[in-house]
Structures are given as structure tokens and as C-alpha cells.
Amino acid sequence: MDFFATLDGVDTNHVVLQTIGSNRWTKTKGVTLASCSNQISWFFTYCRLASRADRIFVHGLAGGRLTVSLALAPWALSKCYWLIWGADLYAYRHRKRSIGSRIIEPLRRFVIKRFGHLVTYLKGDVDLAREWYGARGTAHDCLLYTGNTVQIDDIQTEKPLAGTRIQVGNSADPENFHLEVFEALATAETSVQVYSPLSYGNAAYREAVITAGQKSFGSRFVPMVNLLPSDEYQTYLRSIDVAIFNHRRQQGMGNTISLLSMGKRVYLRRSTAQWDLFQSLGVVVSAFEDGIDVSPLPAEVRASNVRLMSEVFSRERLVQQWVRMIEEPNCDRGV
């Protein structure tokens, strides 16, 4: 999360950011940095700060260190705002895979159930948090960070390139189910080029995707294994014609939001929280289950999607949401 960019325009004079090590962050914008050298000092610093804090924003709950710290300071859970990330929530589905997950998962349930606030822009994620973990907190509508927003400059299309360019997935996470998409695209016209961002995720799965992609499409398959700077990645996204996200869960939302804001055809599964979100907004997305059509969206649909996305996923709206959570007492405007 681009924390400081997200809080641009928000009074951060009383914000404390707690991390282990200081090489990733610099003191800026009035934020006090509480940098801890190890996990033990991190825990004691957290307890001290949590006792004094009015609000605690929690992000990255999939790991054990933060979960244990939260569980050992239960008096502070009611003032915790859980910024729900897909990996945090959907860890529930893998709760029995290892001894470590079987130990941590009961602690995660303990803290999530007692969080005072749940923060997301996806109602489906709140519903799952309540179903899976018994979460009772107040839900707050928030885009979370700048990666989930678009600017007018983003809503531009590069000069069309020869052939149809298709993006498959957003990472080397096995839950992208790339091979199913490759099979569905096997009969596509020869001018189709298939791109797969694989710069992070599971290394073994990445190699399997590359092997399958090259076997199915030959030189028309382009694996993207290096992480690009944000502006370069946005330029790449503008060159894409169709994106296919075969996730069974909420994932790849930064990619999805950017592509829809550019008027691209985007495929999702109907069973996902993001499908429900875009349906509720009136944004047209295509269902992977109905088969693949690589033609552009009709002009009127494209224009409507661009307009809706620019209105709903604006940085101005993001700042307003953070101001409301940080500055307004007893904020209860929910998702």
C-alpha cells in the first residue's frame, strides 16, 4: 500500500506508522515512524501505542506476527480498523493446510470477531468476514489505497496496435487458474497475443504457466516476469484489448479497476465479490463462464464504463473516505 500517497490531503500530524526496520519508510507528512528492530520490541511498542491510540488501522493480517500481537492486546481490538485485503480474508480457505495455519487461524478468528471496524469497498468481503469469522464490526466504505483509484489521465487509450492483445491473470498465484484460460483461448485467431503478469507469486507455478503458455501460443505468449514501475505498467495496460481474470476469489482489483476505467473488456467469474460490486455499480463486465469474445466493447458500453469508473474510483473520493474515518468521531457510514 502506498501509505503516504493514500493519505495525501489528510491531516496526519497524529498518525504513527509502526514497522520493523526503517529502510522502507521515511519520516514525512507529519507521520511519526515507530521503527522496531525485532519482533519482541515490535510487540511491546504495539501494546504501548495501542493503549494510547484513538484508531488503529490493521493491514496484512495473513501472517502470524501481527495476529499474535493483536490477540495479546484484546483491549485495543474495538478501535481497530481492519483494511481487508484479499489474502487476509481468503486465508480462511487454506486454514487446514499446515500446522502453522491451524495454530494461527483460531487467533485470527479471535481478533477478527472483535475488530470494531471493517474497511473495504467490497460488500461481499464484509459478508464473508461475518460468515467465516463472526465479524461484528461496523463496515466502512473505503477504496483503501491509491492503487484502487483512477485519474482522468488514466482514461486514455494508446494508439491501437496490430492484432488483439489479451491479458491473462495478474500474478503467479495459482488462484489465477491460467491453464483453464489458455485452454479456452486455444482456438483463438493467430493474431492474438497473450500477456501474463507473473512478477510475483509462486515460483514453481510461474514456471508451469510459462511452459503451458509457450506450448499453447508459441511466440505469441509474453510472460511478464519483471515488476514494472507504476507509470510503465499503466502504459502497458492501455495497450491491452481484453483482460481475463479467472479468479475464484477477490483478487487483482488494481488491474481490474484500471482496465475497466480505460474502457477495456474484462472477464470475471460470476461467483466473486468483484463481479457483484461491478453489477451493483452498473459497470459492464463479461462472464468467463459464458465463453470468450475478444472483440471490443460497444462504444456506448465503453463510454458508460469509463464514466462510472471515473466517478466511483476517484482519488478525491478516497481522500474523503479516509478523512471521514480519521477525523470524524463514531463514523458509522457502512458498506
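Keep in mind that what you see is a predicted model, and the values were worked out from it rather than measured.
- No side-chain heavy atom of R55 sits less than 4.5 Å from a side-chain heavy atom of M325.
- Between N176 and Q251, some side-chain heavy-atom pair lies under the 4.5 Å cut-off.
- With hydrophobic clusters built from ILVMFWY side chains whose heavy atoms lie under 4.5 angstrom apart, V284 does not share a cluster with V150.
- Cluster annotation: F177 and V209 are assigned to distinct hydrophobic clusters (Ile/Leu/Val/Met/Phe/Trp/Tyr, side-chain heavy-atom contacts under 4.5 Å, transitive).
- Remark: aromatic rings of F245 and W275 are distant, center separation not under 6.0 Å.
- Scanning all heavy atoms of the two residues, the minimum distance from L237 to Q167 falls at CD2-OE1, 3.4 Å.
- Partner of Y133 under the side chain to side chain donor-acceptor pair (under 3.5 Å) criterion, chosen from R114, R109, R108: R108.
- Connection of M224 to M262 is established within a shared hydrophobic cluster, with ILVMFWY side chains joined at heavy-atom distances below 4.5 Å, either directly or through further cluster members.
- Pairing each heavy atom of C142 with each of W322, the nearest pair is SG-NE1, 3.7 Å.
- Looking at F217 and L185, their side chains come closer than 4.5 Å, going by heavy atoms from C-beta outward.
- Counting only heavy atoms from C-beta outward, the side chains of I56 and F115 never approach each other to under 4.5 Å.
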Discussion item. Between D141 and R317, does the salt bridge (charged side-chain N to carboxylate O under 4.0 Å, His left out) criterion hold? Intermediate values first, please.
Written reply: CA-CA 10 Å; D141 184 17; R317 183 164 176 257; 2.9 Å; yes
Item to complete: For side-chain contact (heavy atoms from CB on, under 4.5 Å), just list the numbers for L144 and W85, CA-CA rounded to whole Å, side-chain angles, deciding distance to a tenth of an Å, and then say yes or no.
Response: CA-CA 9 Å; L144 299 180; W85 186 40; over 6 Å; no
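- Judged by distance alone, the side chains of N170 and H247 do bring a donor and an acceptor atom under 3.5 Å apart.
- The two atoms that bring S314 and T149 nearest to each other are O-CG2, 3.9 Å, heavy atoms only.
- The shortest non-hydrogen separation linking G60 to D88 is N-OD2, 3.3 Å.
- Counting heavy atoms from C-beta on, the side chains of Y233 and S230 never come closer than 4.5 Å.
- Relative orientation of the F182 and H178 rings is tilted, given thresholds of 30° and 60° on the angle between their planes.
- The two residues I292 and A184 have their closest heavy-atom pair at CG1-CB, 4.2 Å.
- S216 places no side-chain N or O within donor-acceptor distance of the main-chain N or O of G213, the cut-off being under 3.5 Å.
- Inter-residue side-chain proximity for L70 and W82 is flagged as unmet; no heavy-atom pair is nearer than 4.5 Å.
- Salt-bridge check for R270 with D290: passed, with a basic side-chain N closer than 4.0 Å to an acidic carboxylate O.
- Formation of a donor-acceptor pair under 3.5 Å by the R130 side chain with backbone atoms of G137 is found in this model.
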Fill in: Stepwise side-chain contact (heavy atoms from CB on, under 4.5 Å) check, H140 with Q321
CA-CA 9 Å; H140 301 274; Q321 291 168 333; over 6 Å; no
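- Rounding to the nearest 0.5 angstrom, the gap separating the CG atom in L259 from the OG atom in S261 is 7.5 Å.
- Ring geometry, Y81 versus H117: the interplanar angle falls under 30°, so the pair is classed parallel (tilted spans 30 to 60°).
- Atom OG1 of residue T272 and atom CZ of residue R249 lie 11.5 Å apart, to the nearest 0.5 angstrom.
- Judged purely by atom type and a 3.5 angstrom limit, S280 uses its side chain to pair as donor or acceptor with the backbone of L277.
- Put simply, L72 and F44 are part of the same group of oily side chains (I, L, V, M, F, W, Y) that touch within less than 4.5 Å, one to the next.
- To the nearest 0.5 Å, the span separating CG on L122 from CZ on F278 amounts to 7.5 Å.
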Discussion item. Applying side-chain contact (heavy atoms from CB on, under 4.5 Å) to Q279 and V285, what does each step give before you reach the verdict?
Written reply: CA-CA 8 Å; Q279 292 294 301; V285 288; 3.9 Å; yes
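- Side chain of S258 to backbone of N255: no donor-acceptor contact under 3.5 angstrom is found.
- Taken from CG in L89 to CD1 in I112, the straight-line distance is 7.5 Å, to the nearest 0.5 Å.
- More than 12 heavy atoms of other residues, nucleotides or ligands sit less than 6.0 Å from atom CD of Q214.
- None of D173, I210, V168 except one satisfies the side chain to side chain contact (heavy atoms under 4.5 Å, CB included) rule with L198; the exception is I210.
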Discussion item. Is there a side-chain contact (heavy atoms from CB on, under 4.5 Å) between I166 and D241? Walk through the geometry before answering.
Written reply: CA-CA 6 Å; I166 299 176; D241 299 297; over 6 Å; no
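- Judged by distance alone, with hydrogens and angles left aside, the side-chain atoms of R302 form no donor-acceptor pair with the main-chain N or O of L297 at under 3.5 Å.
- Two residues are said to be in side-chain contact when any heavy atoms from C-beta on lie closer than 4.5 Å; T256 and Q274 fail this criterion.
- Counting heavy atoms from C-beta on, the side chains of V266 and N305 never come closer than 4.5 Å.
- Residue V301 is not grouped with residue V283 when hydrophobic side chains (ILVMFWY) are merged at heavy-atom distances under 4.5 angstrom, including chains of intermediate members.
- Distance check, rounded to the nearest 0.5 Å: NZ of K264 to CZ of R238 gives 9.0 Å.
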Item to complete: Report the C-alpha separation of D293 and Y267 in whole Å, then their side-chain angles, then the decisive distance to 0.1 Å, and conclude whether the side-chain hydrogen bond (donor to acceptor under 3.5 Å, both in side chains) test is met.
Response: CA-CA 9 Å; D293 177 3; Y267 281 87; 5.2 Å; no
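- Contact record, H59 with L83: ND1-O, 3.2 Å, taken as the closest heavy-atom pair.
- Remark: side-chain polar atoms of R248 are paired, donor with acceptor, to backbone N or O of N246 under 3.5 angstrom.
- Rounded to the nearest 0.5 angstrom, L318 CG and F313 CZ are separated by 11.5 Å.
- A side-chain donor-acceptor contact under 3.5 Å links R265 to the backbone of S295.
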